[in-house]
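Heads up: the structure comes next, in structure tokens.
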Amino acid sequence: MTARPYVTGQGTFDNSTVAGILEYEVSHNTIQSSHSTKKLPLFKPNLPPLNDTSFATNFTSKLRSLANAQFPANVPQKVDRQFIFTVGLGTHSCPQNQTCQGPNGTMFAASVNNVSFAMPTTALLQAHHFGQSKGVYTPDFPINPLIPFNYTGNPPNNTMVSNGTKLVVLPFNTTVELIMQDTSILGAESHPLHLHGFNFFVVGQGFGNFDPTKDPTNFNLIDPIERNTVGVPSGGWVAIRFLADNPGVWFMHCHLEVHTSWGLKMAWVVLDGKLPSQKLLPPPADLPKC
């Protein structure tokens with residue numbers, strides 16, 4: 001088996017091809033009756049180029065859930081809350097007396113809906129559970145882009161992003177539809193977004209700007225693939241749905257480590273339900289203190 005990365009960004013990485021060997025154990029009788037493997041032709045597929053977006057898209061768009069009695073696809077058919085998040089790069093002002101490598105001497109940043117996540121010094125889950133969120137986070141993460149623009153066209157002149165520890169608060173059992181839209185700011189790029197605490201269904205994806213009127217008519221609500229990580233297409237969008245039935249505080253972040261460190265992350269607060277089994281458990285008595 002051979003494999004190589006799919007990449008659309010400008011960063012340096014290991015671009016070599018990795019190989020692995022699978023050896024199947026078979027019984028002695030099977031070996032005697034089968035043809036010698038030495039006579040079999042070697043099937044060596046040609047891997048696509050590292051940046052072949054059309055190949056990657058064609059492949060991933062064919063993936064489906066089994067959607068049968070044993071492995072049902074419980075896709076939320078109605079949506080309680082819809083969100084549109086832009087994901088991409090941006091800039092911060094360079095701190096005084098420092099040299100930064102971003103455009104025009106700025107510092108590279110990344111954001112969701114133009115909010116670059118600032119890590120708190122108190123754990124989010126701890127602050128939520130004990131009702132001590134003041135000064136730790138605010139529940140006002142923007143549900144839509146604050147300033148709409150042509151996300152995949154010519155980027156705006158102002159590429160600065162804001163900083164904040166902002167979260168989205170969801171009542172227990174809320175059904176969520178989230179559209180994640182890539183932007184061309186500092187270059188369009190595929191971002192692998194990972195959600196903690198939940199699996200979600202990838203109900204649609206496309207290139208260009210998401211059209212809220214036309215694109216939902218093509219959503220797959222029958223057998224979409226169920227995942228916890230999805231690549232936002234380079235210069236495109238992806239739509240996911242999930243049921244918020246797991247109380248707690250859950251990060252969602254880009255799985256390119258440098259982008260996460262630049263702030264391409266946010267978090268969801270899922271409130272307790274009414275039943276005991278739907279409530280966040282307290283921290284164990286022996287939990288080490290920071």
Side-chain angles (χ1 to χ4, degrees), residues 8-9 11 81-92 102 106-120 124-125 128 133 136-152 155-156 158-170 174 176-198 200 202 204-206 208-210 212 227-242 244 248-270:
T8 57
R81 300 284 305 277
Q82 188 196 56
F83 302 86
I84 299 178
F85 290 175
T86 55
V87 296
L89 306 184
T91 56
H92 283 315
T106 59
M107 184 169 63
F108 281 115
S111 68
V112 181
N113 270 358
N114 208 50
V115 178
S116 185
F117 193 86
M119 289 293 287
L124 296 173
L125 186 63
H128 163 62
S133 62
V136 180
Y137 68 83
T138 55
D140 57 349
F141 189 88
I143 64 173
N144 292 301
L146 296 175
I147 303 175
F149 63 98
N150 183 5
Y151 307 116
T152 55
N158 183 5
T159 61
M160 293 288 182
V161 300
S162 64
N163 266 352
T165 311
K166 300 173 183 287
L167 279 61
V168 174
V169 178
L170 298 171
T174 299
V176 174
E177 180 177 278
L178 170 62
I179 288 88
M180 291 181 282
Q181 171 75 59
D182 184 36
T183 74
S184 58
I185 297 175
L186 303 188
E189 189 170 349
S190 177
H191 297 277
L193 264 292
H194 171 58
L195 175 62
H196 291 203
F198 303 94
F200 52 73
V202 183
Q205 61 181 332
N209 297 332
F210 174 73
R227 309 191 65 171
N228 59 35
T229 308
V230 66
V232 179
S234 177
W237 57 271
V238 66
I240 66 172
R241 288 187 180 187
F242 67 94
V249 182
W250 304 106
F251 262 128
M252 189 177 77
H253 61 92
C254 180
H255 237 292
L256 298 176
E257 187 173 7
V258 66
H259 291 176
T260 295
S261 72
W262 289 349
L264 211 168
K265 52 193 170 186
M266 55 82 64
W268 308 82
V269 177
V270 178

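Quick caveat, the model's predicted, so the values are computed rather than measured.
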Interatomic spacing from CG in Leu167 to OG1 in Thr138 - rounded to 0.5 Å:
7.5 Å
Taking the side chain as every heavy atom from C-beta outward, state whether Pro155 and Leu186 have any pair of such atoms under 4.5 Å apart.
no
How close do Gly90 and Val161 get, heavy atom to heavy atom, and via which atoms?
CA-CG1, 4.0 Å
Verify whether one side chain among Thr91 and Thr159 offers a donor that lies under 3.5 Å from an acceptor in the other.
yes
Can you measure from CZ (Phe108) to CG (Leu89) and round to the nearest 0.5 angstrom?
8.0 Å
Is it true that the side chains of Ser162 and Asn114 contain a donor and an acceptor less than 3.5 Å apart?
no
Mind checking the NE2-CE spacing from His196 to Met252? Nearest 0.5 Å is all I need.
10.5 Å
Less than 6.0 angstrom separating the ring centers of Phe85 and Phe141, yes or no?
yes
Residues 255-263, side-chain donor-acceptor partners within the protein, below 3.5 Å, at least two apart:
{"residue": "His259", "atom": "ND1", "partner": "His191", "partner atom": "ND1", "Å": "3.2"}
{"residue": "Thr260", "atom": "OG1", "partner": "Cys254", "partner atom": "O", "Å": "2.3"}
{"residue": "Ser261", "atom": "OG", "partner": "Val258", "partner atom": "O", "Å": "2.7"}

Set of salt bridge (charged side-chain N to carboxylate O under 4.0 Å, His left out) partners for Lys166, sequence neighbours left out:
Asp140
Using the salt bridge (charged side-chain N to carboxylate O under 4.0 Å, His left out) criterion, which residues pair with Arg227? Sequence neighbours excluded.
none
When every non-hydrogen atom of Pro145 is compared with those of Tyr151, the smallest separation belongs to CG-OH, 3.4 Å
If you compare all heavy atoms of Gln205 against all heavy atoms of Pro233, which two are closest, and at what distance to 0.1 Å?
OE1-CG, 3.8 Å
Could you tell me whether the side chain of Asp182 and the main chain of Glu189 form a donor-acceptor pair under 3.5 Å?
yes
Atom pair CD1/CD of Ile143 and Gln82 - distance to nearest 0.5 Å
9.0 Å
With ring-ring contact (aromatic ring centres under 6.0 Å, His included) as the test, pick out the partner of Trp268 among Phe200, Phe83, Tyr137.
Phe83
List the atom of Ala188, the atom of Gly235, and the distance in Å for their closest heavy-atom pair.
CB-N, 3.7 Å
Test item: Asn228 and Leu195 side chains (from C-beta on) under 4.5 Å apart, heavy atoms
no
Please determine whether side-chain contact (heavy atoms from CB on, under 4.5 Å) holds for the pair Val87 and Thr183, giving the CA-CA distance in whole Å, both sets of side-chain angles, and the decisive distance to 0.1 Å.
CA-CA 6 Å; Val87 296; Thr183 74; over 6 Å; no
Under a 3.5 Å distance rule, please check whether Thr165 uses its side chain to pair with a backbone N or O of Ala118 as donor and acceptor.
yes
Geometric class of the Phe251/His253 ring pair [parallel <30°, tilted 30-60°, perpendicular >60°]
perpendicular
Is any side-chain heavy atom of Val269 closer than 4.5 Å to a side-chain heavy atom of Val168?
no
Please report the closest heavy-atom contact between Leu146 and Pro148, naming both atoms and the distance.
O-CD, 3.7 Å
Angle between ring planes, Phe198 versus Phe242, binned at 30° and 60°: parallel, tilted or perpendicular?
tilted
More than 12 heavy atoms of other residues, nucleotides or ligands under 6.0 Å from CD1 of Ile147: yes or no?
no
Whether Ser116 side chain and Ala110 backbone form a donor-acceptor pair below 3.5 Å:
yes
Donor-acceptor pair, Asn113 side chain versus Val115 backbone, under 3.5 Å?
no
Nearest-0.5 Å distance that lies between atom OG1 in Thr86 and atom CG in Asn209:
11.0 Å
Separation between CD1 of Ile179 and CZ of Arg241, rounded to the nearest 0.5 Å
8.5 Å
Taking every heavy atom of Ala244 against every heavy atom of Leu170, the minimum-distance pair comes out as CB-CD1, 4.0 Å
Any donor and acceptor pair, going by atom type alone, linking the side chain of Gln181 with main-chain N or O of Gly208 inside 3.5 Å?
yes
